[in-house]
Amino acid sequence: MKYIDEFRDGEVAQKIAARIHAEVQPGRRYSFMEFCGGHTHAISRYGVSELLPESVRMIHGPGCPVCVLPIGRIDHAIKAALEHNAIVCTYGDTMRVPASDGLSLIKAKARGGDIRMVYSAADALRIALENPLREVVFFAIGFETTTPPTALVLREAAARKIDNFSVLCCHVLTPSAITHILESPEVRDYGTVPIDGFIGPAHVSIVIGSGPYEHFAEEYRKPVVVAGFEPLDVIQAILMLVRQVNEGRSEVENEFVRAVTTEGNLVAQTLVSDVFELRTTFEWRGLGEVPYSALRIRSAFASYDAEKKFGLAYKPVADNKACECGAILRGVKRPTDCKLFGTVCTPENPMGSCMVSSEGACAAHYSYGRFKDIPVVTA
Amino acid sequence: MKYIDEFRDGEVAQKIAARIHAEVQPGRRYSFMEFCGGHTHAISRYGVSELLPESVRMIHGPGCPVCVLPIGRIDHAIKAALEHNAIVCTYGDTMRVPASDGLSLIKAKARGGDIRMVYSAADALRIALENPLREVVFFAIGFETTTPPTALVLREAAARKIDNFSVLCCHVLTPSAITHILESPEVRDYGTVPIDGFIGPAHVSIVIGSGPYEHFAEEYRKPVVVAGFEPLDVIQAILMLVRQVNEGRSEVENEFVRAVTTEGNLVAQTLVSDVFELRTTFEWRGLGEVPYSALRIRSAFASYDAEKKFGLAYKPVADNKACECGAILRGVKRPTDCKLFGTVCTPENPMGSCMVSSEGACAAHYSYGRFKDIPVVTA
Amino acid sequence: MCLAIPVRVVEVRPGQQAVIDLAGVRKEISTALVEDVSVGEYVIVHVGYAIGKVDPDEAQRTLEMFNEMEQAQASPPPAAPEQLT
Amino acid sequence: MCLAIPVRVVEVRPGQQAVIDLAGVRKEISTALVEDVSVGEYVIVHVGYAIGKVDPDEAQRTLEMFNEMEQAQASPPPAAPEQLT
Amino acid sequence: MSGMVKKNYTRPIDFKNGRIDMGHGAGGRSSAQLIEELFVAAFDNEWLRQGNDGASLSLPAGRLVMATDAHVVSPLFFPGGDIGCLSVHGTINDVAMMGATPLYLSASFILEEGFPLAELKRIIESMAAASREAGVPIVTGDTKVVERGKGDGVFISTTGIGVVAPGIDIDGAYARPGDAILVSGHIGSHGVAIMSQRESLAFETEILSDTAALHGLVAAMLAAVPAVHVLRDPTRGGVATTLNEIAKQSGVGMLLDEAAIPVLPQVEAACEFLGLDPLYVANEGKLLAICAEQDAEQLLAAMRAHPLGADAARIGTVIEDAHGFVQMKTRFGGRRVVDWLSGEQLPRIC
Amino acid sequence: MSGMVKKNYTRPIDFKNGRIDMGHGAGGRSSAQLIEELFVAAFDNEWLRQGNDGASLSLPAGRLVMATDAHVVSPLFFPGGDIGCLSVHGTINDVAMMGATPLYLSASFILEEGFPLAELKRIIESMAAASREAGVPIVTGDTKVVERGKGDGVFISTTGIGVVAPGIDIDGAYARPGDAILVSGHIGSHGVAIMSQRESLAFETEILSDTAALHGLVAAMLAAVPAVHVLRDPTRGGVATTLNEIAKQSGVGMLLDEAAIPVLPQVEAACEFLGLDPLYVANEGKLLAICAEQDAEQLLAAMRAHPLGADAARIGTVIEDAHGFVQMKTRFGGRRVVDWLSGEQLPRIC
Ligand code: SF4
Ligand code: SF4
Ligand SMILES: [Mg+2]
Ligand SMILES: [Mg+2]
Ligand SMILES: [Mg+2]
Ligand SMILES: [Mg+2]
Ligand SMILES: [Mg+2]
Ligand SMILES: [Mg+2]
Ligand SMILES: [Mg+2]
Ligand SMILES: [Mg+2]
Ligand SMILES: [Mg+2]
Ligand SMILES: [Mg+2]
């Protein structure tokens with residue numbers, strides 16, 4: 001597969017790794033946060049960390065749209081299905097996220113909710129056309145990558161007056177989340193989370209460009225390397241970050257230059273701002289209320305806004321007390337710091353959202369990295 | 001079972017049979033029509049004819065509400081289900097009656113029609129209450145026995161404004177059918193169907209009383225004995241008819257005096273005439289158009305009339321050409337006179353309605369009497 | 001289709017309903033079509049509705065008529081059926 | 001969740017649709033979010049929508065950068081990544 | 001840190017409020033947990049515990065018999081039983097009707113998403129009890145989950161194998177004119193028990209389903225009369241249809257005596273109500289036996305000596321008839337055909 | 001007049017436009033006709049023709065193996081196969097994986113009212129062809145019909161029995177540290193072929209399901225290396241889950257080499273698209289074999305000599321690990337756990 005296989009080459013990885021090993025300065029520690037779950041997943045699945053020197057530590061960031069979805073938003077989707085008898089269409093990843101009352105979308109489905117996994121926002125609109133007597137709600141989650149398709153179907157629903165269709169908009173914004181982390185006391189004041197640089201999002205950056213990260217490099221003096229999601233992209237980005245640290249630079253570099261430009265996809269950006277506007281605040285799981293961190297549907301499309309259509313008022317719901325998702329999403333803790341990890345909390349019975357998506361830090365460690373927690377004797 | 005078992009006593013039957021054998025006059029033939037399918041069924045199931053002398057012949061009449069339902073009416077019910085997406089509730093007996101295009105209600109159900117067997121008209125109304133978003137049509141067939149319950153649910157639907165409920169009314173009247181047979185050329189002119197007397201309906205007569213038959217006895221000089229549906233009732237009625245013939249009487253006698261009075265059930269009669277009115281004409285399978293032989297829903301209940309609600313215009317449809325149902329229902333032919341009987345036409349694949357209901361002459365002969373058509377050698 | 005059977009009323013319920021019994025089988029039916037149903041009476045039930053009652057005396061007389069046949073050969077028979085005309 | 005992959009456009013269809021190919025797997029996708037898609041180009045597809053294109057020259061340069069590592073030890077490396085600040 | 005990964009799945013299944021979801025059928029850890037904590041625990045035998053995709057079994061000498069049944073009964077729980085024990089009895093009986101001693105069962109489950117685990121547990125425990133009581137272990141199985149609306153709670157297909165002792169030769173084709181036809185007890189109870197639970201029919205009765213494993217009765221019968229010609233359990237379609245099947249297989253006719261056929265009064269009453277004939281109503285714990293006239297007395301005595309045959313009766317005789325008619329002398333004194341069931345008398349009773 | 005009653009049912013079934021109705025499952029004459037004109041005609045063997053409720057079979061000496069599978073695949077027809085042949089292969093393979101020669105199958109059908117008879121015929125004929133080709137007859141069966149909306153066209157449960165030749169002893173518990181892990185060919189084709197047909201995913205590919213009966217391959221393998229330790233077909237849950245099952249049964253760990261695992265490029269591409277891992281995608285014509293290191297070469301050679309094992313490869317080694325982890329050296333050079341499938345990767349693929 002062109003543009004995929006070349007970026008997974010183990011031999012090349014060894015070379016880049018050798019470079020990192022050669023260039024890290026003795027006695028110095030390098031802590032980098034990969035913001036995106038896509039990077040987290042790649043690191044775990046391909047075993048990238050094993051190639052890194054002891055002194056380089058990767059911190060998983062909050063860039064998994066499933067993980068940051070707060071319980072109250074899942075509750076909305078369940079309510080639409082169970083109380084308003086709507087067909088709720090959702091990307092498969094959200095199905096197992098724990099919600100209130102021991103429910104989740106998959107459990108609500110087993111209880112009779114008409115909840116359907118879709119591959120694309122367009123499928124949800126098609127389902128609305130095929131079921132004119134039913135309300136169809138598209139549970140729209142995701143970062144800037146996923147927002148433009150939602151904008152397209154909203155615009156199409158309005159143009160074609162598909163009035164049994166609506167969108168439960170939970171789209172969130174990457175830069176606000178990064179700001180939030182940089183502003184957090186752990187990073188800013190206590191230094192409990194020593195972040196020496198960021199690996200910037202791959203696919204989000206295709207849409208928004210690398211421009212928005214310049215602020216972080218300048219304002220917070222943090223190096224940023226935008227990188228693709230293939231393992232060579234990740235390891236190369238780490239090398240580039242190591243070099244920036246070594247050289248005292250804090251710049252935005254673009255490793256994913258084959259797909260990411262400075263300004264991003266302007267068609268998509270225009271469309272998104274035609275259909276959506278900023279929410280003044282939005283709750284993220286783990287981060288709490290984050291100002292200007294999410295989108296809502298503009299009033300011109302109000303009749304396609306599921307929150308308005310079904311009068312869904314947002315109610316924050318506390319996470320499981322023992323679950324450390326919040327701290328993990330802020331980079332303060334690791335999955336194995338959680339007492340529930342691997343015992344009470346497993347992918348079959350997730351207690352927190354980080355154990356749900358394969359991009360979640362807990363799920364990634366459970367599925368791919370768990371063996372490191374125990375001594376293994378090979379025959 | 002009190003009032004049932006005593007009326008099925010084989011020993012008593014032998015005594016009554018002996019009486020008939022003793023009283024039939026040598027050289028004389030006795031042809032009696034049992035109007036009702038209930039009597040037809042009892043005669044076949046209990047083997048009553050085997051107890052009778054050669055000279056007594058029973059002719060099966062048209063008193064099976066399933067058998068006389070013309071194709072066009074079944075088509076209406078199928079249309080309501082398949083084209084109007086209504087839930088069609090029906091008494092089980094109608095499920096296999098052949099309709100147009102090789103369909104039947106059971107086949108329409110297999111094609112996706114929401115067709116449900118009910119035990120009682122009240123069940124259909126309950127289904128309407130449980131499915132407020134669906135149209136529910138009760139396919140109401142039957143003679144005077146079955147009409148009053150339909151009247152009750154129609155009245156209740158109107159009183160409670162259960163507006164998704166309607167009735168496809170195919171209720172027919174016994175006396176008009178008897179008149180039609182007596183007026184038919186075969187009986188009146190050619191004498192091809194020599195009817196020396198009638199066994200009058202059992203349960204119909206509970207409702208309408210024995211009074212309405214007096215007209216036949218007087219006008220057409222035909223003895224009538226109203227009889228219960230148990231085998232002793234039937235054989236006793238035959239004896240009473242033999243006696244009337246022997247004595248040259250033509251009276252209405254009531255063998256079923258334990259349940260039938262002269263005037264019948266006045267509560268039921270009043271209710272029926274409150275809700276229904278006479279149709280000027282109605283097609284019967286086998287008999288063709290019979291004037292004033294059926295009921296329609298009064299205009300006060302028009303919004304519960306499925307014919308009006310769904311704009312169902314009646315279109316007569318010709319029966320299978322080879323099927324002799326018509327002649328059989330008029331008493332002109334017997335099941336074994338039909339070329340299709342037992343070969344092309346069986347209860348699994350009925351070609352005509354008489355092969356459907358267990359009260360139909362063809363089905364009764366097929367299921368119970370077929371062995372008489374072939375020599376049987378017992379070991 | 002005109003299937004109807006005589007059953008004994010064992011309980012009268014509000015809303016013109018009654019519970020009937022047939023050899024241990026019990027079922028709720030409607031009595032909206034008959035007047036004054038009491039416990040112990042036999043009604044004839046069709047599609048869940050009582051459409052009439054059984055007159056026990058007449059039933060007895062009919063049974064006797066079946067059997068008296070044996071003795072009395074002449075007609076009219078001793079316990080003649082009710083003549084309606 | 002942000003799963004997206006580079007695929008080759010093999011057919012451009014009316015209504016802003018295109019057929020793409022990935023190692024013999026073909027699928028119709030929407031090109032409503034990118035301008036001027038032509039056959040032979042590689043687009044990056046996410047949830048059934050092309051969200052961007054792959055620049056073949058830049059891709060080549062990145063691959064070269066991975067390998068040139070070997071020779072050139074000093075920084076800045078010979079084929080430096082695009083500097084944005 | 002090794003204490004952290006305690007087991008493969010740690011939280012026990014919530015059998016109180018949980019429901020089947022698609023994951024239970026996906027073949028991963030949830031499936032494995034369901035199988036281990038419910039099926040293996042309840043059926044509890046060495047073969048299942050081994051966890052292979054099949055069972056490896058030892059067999060005594062003799063011809064092998066294999067029989068299978070799909071169970072789709074509605075409602076799942078009915079007076080006197082449930083789909084669980086029914087699925088054990090139904091297949092054991094088919095094996096026993098071939099004259100074999102049933103030895104092992106397999107079970108395959110098709111579960112509907114959303115089905116309450118508490119009900120599944122009840123069913124599995126009933127199945128386990130039936131298998132234990134019968135002494136026939138469930139040695140292998142399979143479980144699939146279908147989406148809500150594509151199933152009906154639980155469907156169970158069971159397959160049984162057993163071995164025929166030397167000298168026993170039973171087949172539906174062995175009825176001969178002159179043979180006696182016996183039934184092991186009152187007929188129609190299963191079908192009536194099921195119907196009494198149907199929402200639209202809903203009546204009260206004390207009738208329980210007769211569901212039972214008949215191999216013990218068969219063993220007693222074969223001990224008394226090894227030369228039994230035919231055995232068959234009159235399930236779907238009832239006694240009438242089963243006898244027609246045998247008549248067709250053997251190329252004979254039959255003549256029944258209605259007065260001799262045992263039917264409980266409540267069953268008769270329920271049938272009167274619904275316009276049904278008990279001859280067509282399903283049984284799940286009765287058998288029909290056909291043997292030579294000279295063996296009839298002894299076979300009947302052996303049946304009556306067994307608790308499941310206490311009400312056994314001789315109900316007719318095999319006759320010569322090229323047309324294969326089953327006829328009946330009615331209690332009323334007439335004669336009539338007892339035909340195959342046509343169409344459906346009742347939906348989904350076994 | 002005797003010519004009038006010609007047969008028990010005279011009009012042949014309308015396999016062109018007809019549909020399943022409730023009567024086909026009621027156990028009466030319609031059921032009998034469907035069985036005779038479709039199932040018995042297609043499967044065509046002495047046991048079914050006898051028309052008993054079970055089959056009486058003769059067996060060679062050896063331990064008996066019994067295995068069962070419920071098949072609920074959607075769509076019913078897919079590139080390379082359909083539920084009919086799948087239901088034959090799936091159970092034959094489970095029997096073969098116990099080291100047994102499959103001899104007989106039973107089949108139970110749960111049909112949904114309204115299912116087109118033409119499609120049913122296609123399925124049954126495909127099943128018959130698969131059974132003929134494999135030389136494993138379907139000797140007994142059962143058919144039930146459920147109301148529209150309570151099924152999904154056709155569900156088929158099959159049970160197979162077979163006999164293990166003396167000297168063969170295969171079990172999921174027999175993997176030992178140091179053993180070699182082999183796979184018989186490219187993985188993931190079945191699951192991808194099914195997914196390509198799903199309305200919401202709908203992609204085009206030339207990938208066909210690999211559905212196949214593997215007993216011939218197994219026979220060849222056992223002829224070469226009778227001491228094979230474990231055989232297992234990686235169906236639902238894929239290679240990953242199956243290896244985890246074996247690791248658990250045997251109390252060992254495993255170390256796989258990602259680069260050695262054969263995956264077709266199209267399968268890899270489809271998995272990229274859907275965010276899936278081919279290790280978790282179902283196979284229906286592949287097997288995993290575990291044998292002693294010293295037998296590995298010979299076993300691999302025997303597999304490659306058979307058409308169904310042409311692309312066989314050694315993919316890993318059994319290791320000691322009390323936690324039963326399956327680990328993998330990634331093509332990239334890292335190491336990771338290959339866990340059990342959690343939840344459902346794909347709905348209803350076998
Ligand atoms: S292991 Fe589970 S409970 Fe613990 S932090 Fe992760 S998701 Fe939350
Ligand atoms: S046998 Fe069939 S075709 Fe012939 S008259 Fe009777 S119903 Fe009609
Ligand atoms: Mg069976
Ligand atoms: Mg059985
Ligand atoms: Mg049986
Ligand atoms: Mg299985
Ligand atoms: Mg259901
Ligand atoms: Mg299996
Ligand atoms: Mg299998
Ligand atoms: Mg298997
Ligand atoms: Mg069966
Ligand atoms: Mg369906």
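Lettering follows sequence order; numbering is per chain, from 1. A quick note: this is a predicted structure, and the numbers were derived from the prediction, not measured.
- Chain E forms the most heavy-atom pairs under 4.5 Å with one residue out of F/G28, F/G62, F/A107, F/A55, and that residue is F/A55.
- The existence of a salt bridge linking F/E36 and F/R29 is excluded, since no basic side-chain nitrogen approaches an acidic carboxylate oxygen closer than 4.0 Å.
- Residues that satisfy the ring-ring contact (aromatic ring centres under 6.0 Å, His included) test with E/F43, not counting sequence neighbours, are absent from this structure.
- Between E/E112 and E/R148 there is a side-chain heavy-atom pair separated by less than 4.5 Å.
- Scanning residues 97-105 of chain F against chain E with a 4.5 Å heavy-atom cutoff picks out F/M98, F/Y104, F/L105, ordered by number.
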Please lay out, stage by stage, how F/K286 and F/T235 fare under the test side chain to side chain contact (heavy atoms under 4.5 Å, CB included).
CA-CA 8 Å; F/K286 295 297 174 314; F/T235 54; over 6 Å; no
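- Side-chain contact, F/N283 with F/D233: no donor N or O sits under 3.5 Å from an acceptor N or O.
- Ranking F/T242, F/T241, F/D171, F/V139 against chain E, the residue ahead of the rest is F/D171, based on heavy-atom pairs under 4.5 Å.
- Heavy-atom distances place no part of F/D21 under 4.5 Å from chain E, backbone and side chain included.
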Between E/Q249 and F/N52, does the side-chain hydrogen bond (donor to acceptor under 3.5 Å, both in side chains) criterion hold? Intermediate values first, please.
CA-CA 9 Å; E/Q249 274 180 275; F/N52 290 315; 2.9 Å; yes
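- Per-residue heavy-atom pair counts under 4.5 Å with chain F were compared for E/G324, E/S157, E/A322, and the maximum is reached by E/S157.
- When the candidates E/R232, E/E245, E/Q50, E/H24 are compared by the number of heavy-atom contacts under 4.5 Å with chain F, E/R232 comes out ahead.
- One distance of note links OG1 of F/T159 with CD1 of F/I138; it measures 11.5 Å at 0.5 Å rounding.
- By number of non-hydrogen pairs under 4.5 angstrom with chain F, the leading residue of E/V230, E/V65, E/I246, E/L64 is E/L64.
- F/V146 places a side-chain heavy atom less than 4.5 Å from the side chain of E/F155.
- Interface summary for chain E: among F/G172, F/A173, F/G238, F/S108, the most heavy-atom pairs under 4.5 angstrom belong to F/S108.
- Neither the backbone nor the side chain of F/V95 comes within contact range of chain E; no heavy atoms are under 4.5 Å apart.
- With sequence neighbours excluded, no residue forms a ring-ring contact (aromatic ring centres under 6.0 Å, His included) with E/F115.
- Every residue two or more places apart in sequence or in another chain that forms a side chain to side chain contact (heavy atoms under 4.5 Å, CB included) with F/A240 is listed here: F/L279, F/Y280, F/V338.
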